Amino acid sequence: MLEGVMIRGPHWVGTAVRRRDGGISEEVLYRPSLLVRSPWARLPVVRGVAVLWEALTVGTRALVYSASQAVEEERGQPLSGREAVYSLGLGVALALGLFFVLPTVLVRWVDPGWAALSSNLVEGLVRAGVLVLYVGAVGLLPEVRRVFMYHGAEHKVVNAWERGVPLVVEEVQKQSRFHPRCGTSFLLVVVLVAVAVFSLLGKPPLWERVASRVLLVPLIAGLAYEVVRAGARSCWFRPLVVPGIWLQHLTTREPDPHQVEVALRALRAVLEREDASSLERVVV
């Protein structure tokens, strides 16, 4: 998000964005989750794929809205649909190429004849290294640092709500900026699960290996979701998501009160519309 926060509930999505004039723009959309609409989408592993799809679609819509606010203030008109589609396609291609294709090609290039398990383990380590280095590097940019501050604000307001803390800026600021259901944790768990899945495929030719890395992304995402879900619900599985919490030290920063105010605006927009009897949790 650009100068904003999106909060996802079971039925509603609230996005709040800080404008340059100091005001807060708000968009609230009725977007019932697939997990609510379809019993099939709640099946293990399948629900992870459903959540990933919704994260892309709903998250992109919120990102376009926040970007449109900034663009409209600069040039007097919002972001066009073509520009939004182009940006999304470029982002997905970059992610697949950087985190899945590049490590595969690099390891195959330097492979001195490792066994299949060793080769896939090294590939996983390279993939994790690329992820950490990328996040650490972009976090040095001032604009991205502010995005990470809003990310911290998002976690703080959700933690406050889940713990029954009064939803006021002063109390929210006391909460942790880390959350076990964060997308950052999910990404790192994806990397770890990919090592296990890809190890089952052995060492096929390079083109098959690259194709498998891309085609198996939905399955790996579904399995990774189950790991994150178990880690958030059970202390027995908590160690599995600890590396993701560590990574959040890079993808979140302590927010200022104005950023927390924006996050609270997005959260309240969702809570005011959701049925309290059916609202189990807010999706981070």
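It should be emphasised that the depicted structure is a prediction, and the values quoted were computed from it without experimental measurement. Every heavy atom of this structure was used, including side-chain atoms; hydrogens, water molecules and symmetry mates were not.
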Checking [X] side chain against [Y] main chain: does a donor-acceptor pair fall under 3.5 Å?
X    : Y    : result
R177 : T252 : yes
R47  : L35  : no
T57  : W53  : yes
N159 : H179 : no
E27  : T15  : no
H155 : G152 : no
R8   : V13  : no
R273 : A269 : yes
N120 : A116 : yes
R253 : L250 : yes

Shortest non-hydrogen contact from [X] toward [Y]:
X    : Y    : result
V17  : V262 : N-CG1, 4.2 Å
V228 : P180 : CG1-O, 3.6 Å
A50  : L34  : CB-CD1, 4.0 Å
V270 : G14  : CG2-N, 3.4 Å
A153 : A263 : O-CB, 3.7 Å
V36  : P10  : CG2-O, 3.6 Å

Checklist line | Audit row: L223, L219, side chain to side chain contact (heavy atoms under 4.5 Å, CB included) steps and yes/no | finding: CA-CA 6 Å; L223 294 172; L219 173 62; 4.2 Å; yes

Hey, could you give me the [atom1]/[atom2] distance between [X] and [Y], rounded to the nearest 0.5 Å?
X    : Y    : atom1 : atom2 : result
L264 : R268 : CG    : CZ    : 4.5 Å
E3   : S25  : CD    : OG    : 12.0 Å
C182 : E154 : SG    : CD    : 7.5 Å
K156 : F178 : NZ    : CZ    : 9.0 Å
I220 : L192 : CD1   : CG    : 11.5 Å
L52  : L56  : CG    : CG    : 5.0 Å

Using the rule that two of Ile, Leu, Val, Met, Phe, Trp, Tyr join whenever any of their side-chain heavy atoms come within less than 4.5 Å, decide whether [X] and [Y] are in one cluster.
X    : Y    : value
V165 : V260 : no
V217 : V105 : yes
L121 : L216 : no
M149 : V144 : no
L125 : V107 : no

Notebook entry, point to check: Pairs in or reaching into residues 255-265: which pass side-chain hydrogen bond (donor to acceptor under 3.5 Å, both in side chains), with residues at least two apart or in two chains?
Noted result: R18-E261, E26-R265

Is any side-chain heavy atom of [X] less than 4.5 Å from a side-chain heavy atom of [Y]?
X    : Y    : answer
V101 : V214 : yes
L271 : L167 : yes
V135 : L131 : yes
Q248 : I245 : yes
D111 : K203 : yes
W40  : V46  : no

Check: Should the pair E171-K174 be classified as a salt bridge under the 4.0 Å nitrogen-to-oxygen rule?
Finding: yes

Item checked: Selection residues 120-130 - residue pairs positive for salt bridge (Lys or Arg N to Asp or Glu O under 4.0 Å), sequence neighbours left out -> E123-R127, E123-R209, E123-R213

Margin query: So, using side-chain hydrogen bond (donor to acceptor under 3.5 Å, both in side chains) as the criterion, who are the partners of S199 when residues are at least two apart?
Written below: none

Next item on the list: Taking side-chain hydrogen bond (donor to acceptor under 3.5 Å, both in side chains) as the test, write out the residues that go with Q173, two or more places apart.
Entry: none

Item checked: Reference residue F100; test side chain to side chain contact (heavy atoms under 4.5 Å, CB included); the match among V190, V191, V210 -> V190

Next item on the list: Sort and list the pairs that fulfil ring pair (Phe, Tyr, Trp, His ring centres under 6.0 Å) and have at least one residue in residues 183-205, not counting sequence neighbours.
Entry: none

Next item on the list: Not counting sequence neighbours, which residues clear ring-ring contact (aromatic ring centres under 6.0 Å, His included) with F99? List them please.
Entry: Y134

